[in-house]
Amino acid sequence: MTLDGPIRDLDSALSELHRAASDSDAWDDQERRRFDADRLTPLANAGRRLASTLTRAQQKLRTAEALLSDR
Amino acid sequence: MSDSMVKKQGQALKTLRRGVLRYSEQVRDVGTSARSQASDVHRKAEDAVERRRSNLRKCERELSAAQTALAACRENCGGLQRALATAQENCRVAKQQLVRAQKAVQLTAEAQSELAAAHVQAQAAVSEHSSIASSALARLDGMLAAMGQSNFLQGLKGAGQVLVVTAEVVSAMGDGGRLVANAAQALGADTRFADQSVTEMRERNESQQLYHLGEKQVEGEARSRSRQSLGEDPGKSS
């Protein structure tokens, strides 16, 4: 189905970012917490907003494809 | 900070940096792929509108012809009436299909527009934050590496001190002791045996040669005085 691949890939990218953040827990001080708040969280949020738009777009495209079928 | 902690944090920074860079690439690729798929569906919708519009025009011509034929009929017009009804139904369906395709074009155009805006926004946010994040992580990694090198050099200085002790132990071996001490000094250890510079090393060698020449001269003079006292010719070598 249209956009299944990109939605899956974006989910995977968000998981990988989360995993990289977990794997790097050896760096754990005030600077790290600021880095997480200033950089990692906005990065993840940008991805989540894109994921939300992808889901809405997928719904519209699915409806469009149904309208185009000859039935 | 201990060496192992420096190493762990360095690894953590590398992991994060790789993760951030990969994430920014994935977001870019996902957005591009999604827009491409939406664009494909939009093109299909536009093609469908063209086909169905063409089909509707054909139906309308056939309907027009059926109406004309029926109007001209005087008797046994049942067939023509049925033909007219069929043409009318075909046109109704064709028009319905065209409207659906036009609705599909509208929906795919909206999806494309929303995806384009979201992709641009996501890329801008990801570019900004991942670029700053990557630079910050690289800078921190560099500082950690320097800290680790400093720890390493501190370790080498410790090794240099070991060499100082070694030089003192082998000092009776003369040149051997100085060679070891020079190596220790190169590692930052302080030793009284080490040469301070090439000039000083040369001067030391030259003064040693002069000393040795002086020794030989003294030996020669002593030998000569000894022969003189024994009544021998001082010029003759023994």
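Chain naming here is simple, since letters A, B, ... match the order of the sequence lines and numbering starts at 1 in each.
For the pair A:Phe35 and B:Leu140, the minimum side-chain heavy-atom distance is 4.5 Å or more. B:Leu16 has its side chain within reach of A:Arg32: a pair of non-hydrogen atoms, C-beta onward, lies under 4.5 Å apart. Residues A:Leu43 and B:Val27 have side chains not in contact (no heavy-atom distance under 4.5 Å, counting atoms from C-beta outward). A 4.5 Å side-chain heavy-atom check between B:Val41 and A:Glu65 finds at least one atom pair inside the cut-off.
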Name the atoms and distances for all side-chain donor-acceptor pairs under 3.5 Å in residues 7-14 of chain A, with sequence neighbours left out.
none

With a cut-off of 3.5 Å and sequence neighbours excluded, list every side-chain donor-acceptor pair involving residues 86-94 of chain B.
{"residue": "B:Thr86", "atom": "OG1", "partner": "B:Arg82", "partner atom": "O", "Å": "3.1"}
{"residue": "B:Glu89", "atom": "OE1", "partner": "B:Arg92", "partner atom": "NE", "Å": "3.0"}
{"residue": "B:Glu89", "atom": "OE2", "partner": "B:Arg92", "partner atom": "NH2", "Å": "2.7"}

Give every donor-acceptor pair under 3.5 Å between a side-chain atom in residues 111-125 of chain B and any protein atom, sequence neighbours left out.
{"residue": "B:Glu114", "atom": "OE2", "partner": "A:Lys60", "partner atom": "NZ", "Å": "2.8"}
{"residue": "B:His119", "atom": "ND1", "partner": "B:Arg35", "partner atom": "NH1", "Å": "3.2"}
{"residue": "B:His119", "atom": "NE2", "partner": "B:Arg28", "partner atom": "O", "Å": "3.2"}

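Taken from NZ in B:Lys103 to CG in A:Leu68, the straight-line distance is 12.5 Å, to the nearest 0.5 Å. We find the OG-CZ distance between B:Ser134 and A:Arg39 to be 12.0 Å, quoted to the nearest 0.5 Å. Taken from CG in A:Leu61 to NZ in B:Lys44, the straight-line distance is 10.5 Å, to the nearest 0.5 Å.
Taking each heavy atom of B:Arg52 and A:Ser69 in turn, the nearest pair found is NH2-O, 3.9 Å.
Between the side chain of B:Tyr23 and the backbone N or O of A:His18 there is no donor-acceptor pair closer than 3.5 Å. Although no hydrogens or angles enter the test, the distance criterion places no donor-acceptor pair under 3.5 Å between the side chain of B:Arg100 and the main chain of A:Ala64.
The greatest number of non-hydrogen atom pairs below 4.5 Å with chain B, out of A:Leu40, A:Leu3, A:Asp38, is found for A:Leu3. Note on B:Lys8, B:Arg17, B:Arg22: by heavy-atom pairs under 4.5 Å with chain A, the leading option is B:Arg22. When each of A:Leu17, A:Thr63, A:Thr2 is scored by its heavy-atom pairs under 4.5 Å with chain B, the top score falls to A:Leu17. Chosen from B:Ala38, B:Ala48, B:Gly10, B:Ala101, the residue pairing most often with chain A at heavy-atom distances under 4.5 Å is B:Ala38. With respect to chain B, the highest number of heavy-atom pairs below 4.5 Å among A:Glu31, A:Arg19, A:Arg56, A:Gln58 belongs to A:Glu31. Chain A forms more heavy-atom pairs under 4.5 Å with one residue of B:Thr108, B:Asp29, B:Ile132 than with any other, namely B:Ile132.
Contacts from residues 56-78 of chain B to chain A, taken as heavy-atom pairs separated by less than 4.5 Å, involve no residues at all.
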Output, in order, the C-alpha distance, side-chain angles, deciding distance and verdict of side-chain contact (heavy atoms from CB on, under 4.5 Å) for A:Leu54 and B:Val30.
CA-CA 10 Å; A:Leu54 280 176; B:Val30 158; 3.7 Å; yes
